[in-house]
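For clarity, every value in this text was computed on a predicted model and none was experimentally measured.
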Amino acid sequence: MADNGAIPLLVLSRQQDPVEIINSTLRNAGQPVHCAWARDIAGFGEALAQSAPQLIFVCIADYDEARTALEIRDRYATHVPAILVREAITESDLARAIDIGALDVVTLAAGARLQAVAARELRSARLDGALAGTLASAKQYRDQMKAFMSGSADAIAHVQEGIVVDVNPAWLELFGYQDAGAVLGQPLMDLFDQRSHASLKGALIAAAQGRWNDHSLSSIVSLPDGKELTVDIEFERFEFEGEPAVRLRIASQKRDLRSLTAQLDEALRYDASTGLLKRSAFHEQAAAQAAQPLKAGLRAVVTFEADKLAALGAELGPLAVEDVMDELGKLLCSLLQPDDIAGRVTGQCFAVLAERGNARDLETWVARVLQQVAEHVFNSGEQHSASITCSAGCAPLSSQGEELRAALEYSLSACRAAAASGGNRLVRPDASGVDPAAADADRTWAGQIKAALMANRFRLVQQPIASLVGEGEPMIDLVVRMLDEKGNEVLPSEFLAAAERTDLMKNIDRWVIGAAMSFCAARKPHRVFVRVSHDSMRDQTLGTWLLQQVKASGVEPARIVFELGEELATRHLKDARELRALVTHLGFGFAIENFGASRDSAQILRHLPSSFAKIDGALMQGLATDRRLQDTVKSLVDTARAAKATTIAERVEDANTMAVLWQLGVEFVQGYFVSSPEEVVLSA
């Protein structure tokens with residue numbers, strides 16, 4: 001235990017001697033310090049959380065290990081200054097220390113300088129803390145006054161280190177408690193369902209570090225009577241009784257005439273037993289959405305139908321079947337993504353209008369639904385339970401917007417084909433064999449792609465990549481779009497597959513790379529990511545062409561990162577290794593995307609050392625509530641970190657997923673939740 005009034009310090013060192021030297025040196029200078037000791041990097045994060053230091057000394061000779069330690073510091077104690085300890089100091093040591101995030105470098109032999117540097121950083125930290133406390137107190141006061149003046153009835157709780165330390169009456173009422181004593185001093189997680197724990201923990205960590213801004217987290221409350229309540233929570237860092245805390249706020253629902261009208265309208269549109277849209281409301285809402293142009297990704301109608309319902313009805317009776325269908329609808333509702341539109345379209349069939357990043361994301365989500373149904377035990381009346389499986393059918397919709405009815409009927413037909421094939425599976429258009437005109441369609445697309453290349457009717461759009469561990473330099477993911485003869489945007493999901501089948505990907509790749517170089521030369525972004533196809537991997541003239549483009553554009557190659565899909569790299573490892581060697585030799589960066597999509601992701605990083613590993617967006621489908629997916633992503637993060645690859649999560653579409661990624665240690669995220677794609681350049 002630290003002495004009363006002692007200043008807590010943390011020393012990361014494999015030996016105890018540096019701890020004792022630092023402690024005695026600073027105490028001899030009149031600094032009442034208490035040094036905690038972290039023996040290795042594995043326990044450094046826990047030591048940071050337990051000791052709450054005001055200053056950190058990192059006594060590690062290897063700069064890569066020191067960088068890892070400071071990255072852990074950034075995650076657990078962002079604002080705590082760190083000093084690197086070396087046997088000797090050079091100008092190079094100072095520069096490298098600052099580069100990895102330390103504020104200075106000292107030696108144990110130069111006690112006077114060690115004392116001066118420590119005193120300076122402690123004084124600076126105290127001033128920063130005092131300023132932050134003053135600002136937080138002022139903001140808290142303004143918020144309290146505003147709530148008082150407006151008569152706010154928001155439910156508010158204050159949490160310190162995961163423990164509820166204060167609640168207002170509205171919080172007690174919402175959560176079903178009469179007395180604050182039943183809540184105060186209890187872990188916050190006890191108030192919420194297990195499915196919300198991972199995202200809640202991530203949001204609390206981010207909010208405590210001041211990095212959770214304007215995001216509302218959807219969580220499931222476990223009420224004392226056993227019922228559940230879904231709420232949207234806002235998080236805010238502030239001080240409670242002079243100590244760091246996080247404020248949780250759940251906005252009240254004002255029951256004015258307008259909101260009552262909206263609630264009545266919602267009651268008429270939604271089925272109370274499942275939470276899904278009623279049939280007519282689904283057709284109306286889904287048809288309106290299907291008619292709108294799609295900004296990115298793909299859109300499809302997916303239908304789900306329970307297998308062998310006739311046999312279930314014969315065994316348990318028709319009323320039991322209805323109970324199972326209602327529970328199936330509830331389960332489906334709990335697995336929907338935020339923007340999905342879903343409803344019951346026939347007596348035994350549910351339909352979802354879904355928008356996803358790509359076909360694999362959609363198929364992964366459908367597979368998760370089928371798995372959850374197969375593992376669920378359905379209640380059928382008071383005395384019976386049943387286990388069922390489900391079949392699914394899928395029909396794509398045009399990105400330009402089209403009528404819903406034909407796609408819905410096709411999806412229903414595919415669903416019945418899945419059931420006839422044994423059930424518990426998905427039938428997709430490419431597996432159904434009902435499209436004899438595929439070759440003609442490819443020839444049509446090939447003509448349109450060639451015409452667009454000739455007329456320069458391609459453009460790049462950017463999607464920002466956001467940091468979860470600090471401000472950092474901005475990074476951008478670049479995606480190609482094609483314009484048709486009328487100037488309408490055509491998404492990659494519509495034309496790239498045909499381009500691959502008609503040997504046009506190399507032409508598109510070169511347009512994209514050229515445009516990316518022009519963009520980087522003009523705008524000078526920190527990093528942009530550009531995808532490479534298998535055609536370009538096999539292109540023997542790529543190296544010469546790249547060198548010519550670099551000279552012509554004047555671009556700095558380090559600004560461009562070529563990314564290769566993990567499954568593509570696994571299937572064509574020799575070509576992938578040659579491509580990596582080529583682009584890194586020319587000074588470009590290299591990344592693996594869809595990391596986690598193949599059977600052995602660690603092996604691919606050993607064969608293809610990469611600066612970045614972009615975690616497969618398909619793993620984001622249901623990540624916020626699926627513990628198995630969370631374990632998978634955590635394992636991928638650990639694998640990438642061991643290979644010294646920075647992690648980027650692909651296609652993040654909601655705050656709950658981002659909060660979980662925060663907790664799992666992912667460093668960057670990209671997706672529609674971060675930012676929708678926006679135009680950056682029209683031509684190379």
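At a threshold of 4.5 Å between non-hydrogen side-chain atoms, the residues Val512 and Leu478 do not count as touching. The shortest side-chain heavy-atom distance between Leu298 and Leu491 does not fall under the 4.5 Å cut-off. Arg527 is not listed as a side-chain neighbour of Ile465, based on a closest heavy-atom distance of 4.5 Å or more. The side-chain heavy atoms of Arg523 and Gln462, taken from C-beta on, include no pair separated by under 4.5 Å. Under the 4.5 Å side-chain criterion, counting only non-hydrogen atoms from C-beta, Lys644 is not in contact with Thr68. Residues Ile604 and Asp600 have side chains not in contact (no heavy-atom distance under 4.5 Å, counting atoms from C-beta outward). Side-chain atoms of Lys201 and Leu204, non-hydrogen and from C-beta on, never get closer than 4.5 Å to each other. Looking at Val561 and Ser611, their side chains never come closer than 4.5 Å, going by heavy atoms from C-beta outward.
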Side chain to side chain contact (heavy atoms under 4.5 Å, CB included), that's the test. Do Leu579 and Leu542 meet it? Break it down for me.
CA-CA 9 Å; Leu579 174 70; Leu542 180 63; 3.8 Å; yes
Trace of the salt bridge (charged side-chain N to carboxylate O under 4.0 Å, His left out) decision for Asp340 with Arg356:
CA-CA 10 Å; Asp340 289 343; Arg356 297 292 187 271; 2.8 Å; yes
Step-by-step side chain to side chain contact (heavy atoms under 4.5 Å, CB included) determination, Ile513 to Phe588:
CA-CA 12 Å; Ile513 295 168; Phe588 297 101; over 6 Å; no
Could you go step by step and tell me if Asp539 and Ser536 meet the side-chain hydrogen bond (donor to acceptor under 3.5 Å, both in side chains) rule?
CA-CA 5 Å; Asp539 182 5; Ser536 292; 5.6 Å; no
Could you please spell out the steps behind the side chain to side chain contact (heavy atoms under 4.5 Å, CB included) verdict for Ser601 and Thr639?
CA-CA 8 Å; Ser601 298; Thr639 298; 5.5 Å; no
Side chain to side chain contact (heavy atoms under 4.5 Å, CB included) between Ile449 and Leu453: does it pass, once the steps are laid out?
CA-CA 6 Å; Ile449 293 168; Leu453 286 168; 4.1 Å; yes
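Asn424 and Thr389 share no side-chain donor-acceptor pair at under 3.5 Å. Side-chain N/O atoms of Thr502 and Asp442 include no donor and acceptor closer than 3.5 Å. Gln371 and Arg368 share no side-chain donor-acceptor pair at under 3.5 Å.
The backbone N or O of Arg96 sits nowhere less than 3.5 Å from a side-chain atom of Asp99 that would complete a donor-acceptor pair. In this structure, the side chain of Trp365 does not engage the main chain of Gly622 through any donor-acceptor pair within 3.5 Å. Although no hydrogens or angles enter the test, the distance criterion places no donor-acceptor pair under 3.5 Å between the side chain of Arg67 and the main chain of Ile100. At least one donor-acceptor pair closer than 3.5 Å links the side chain of Ser610 to the backbone N or O of Leu608. Counting only distance, with no hydrogens or angles, the side chain of Arg86 and the backbone of Ala61 share a donor-acceptor pair below 3.5 Å. When atom types are taken as modelled, the side chain of Glu566 and the backbone of Ala597 share a donor-acceptor pair closer than 3.5 angstrom. Put simply, the side chain of Ser635 never gets that close to the backbone of Asp631: no donor and acceptor are under 3.5 Å apart.
A salt bridge between Glu567 and Arg571 is absent, with no side-chain N of the basic residue lying under 4.0 Å from a carboxylate O of the acidic one. A salt bridge links Arg538 with Asp535: the distance from a Lys NZ or Arg NE/NH1/NH2 to an Asp or Glu carboxylate oxygen falls below 4.0 Å.
Ring geometry for Phe495 versus Trp445: interplanar angle of 30 to 60°, hence tilted. Using cut-offs of 30° and 60° on the angle between ring planes, the pair Phe458 and Trp511 is tilted.
For residues 600-651, every residue pair satisfying the ring pair (Phe, Tyr, Trp, His ring centres under 6.0 Å) rule, not counting sequence neighbours, is listed here: Phe529-Phe612.
Distance OG/Ser553 to CD1/Ile560: 7.0 Å, rounded to 0.5 Å. Here Thr647 contributes atom OG1 and Asp638 contributes atom CG; the two are 10.0 Å apart, rounded to the nearest 0.5 Å.
The only member of Lys614, Arg651, Arg531, Arg360 that meets salt bridge (Lys or Arg N to Asp or Glu O under 4.0 Å) when paired with Glu593 is Arg531.
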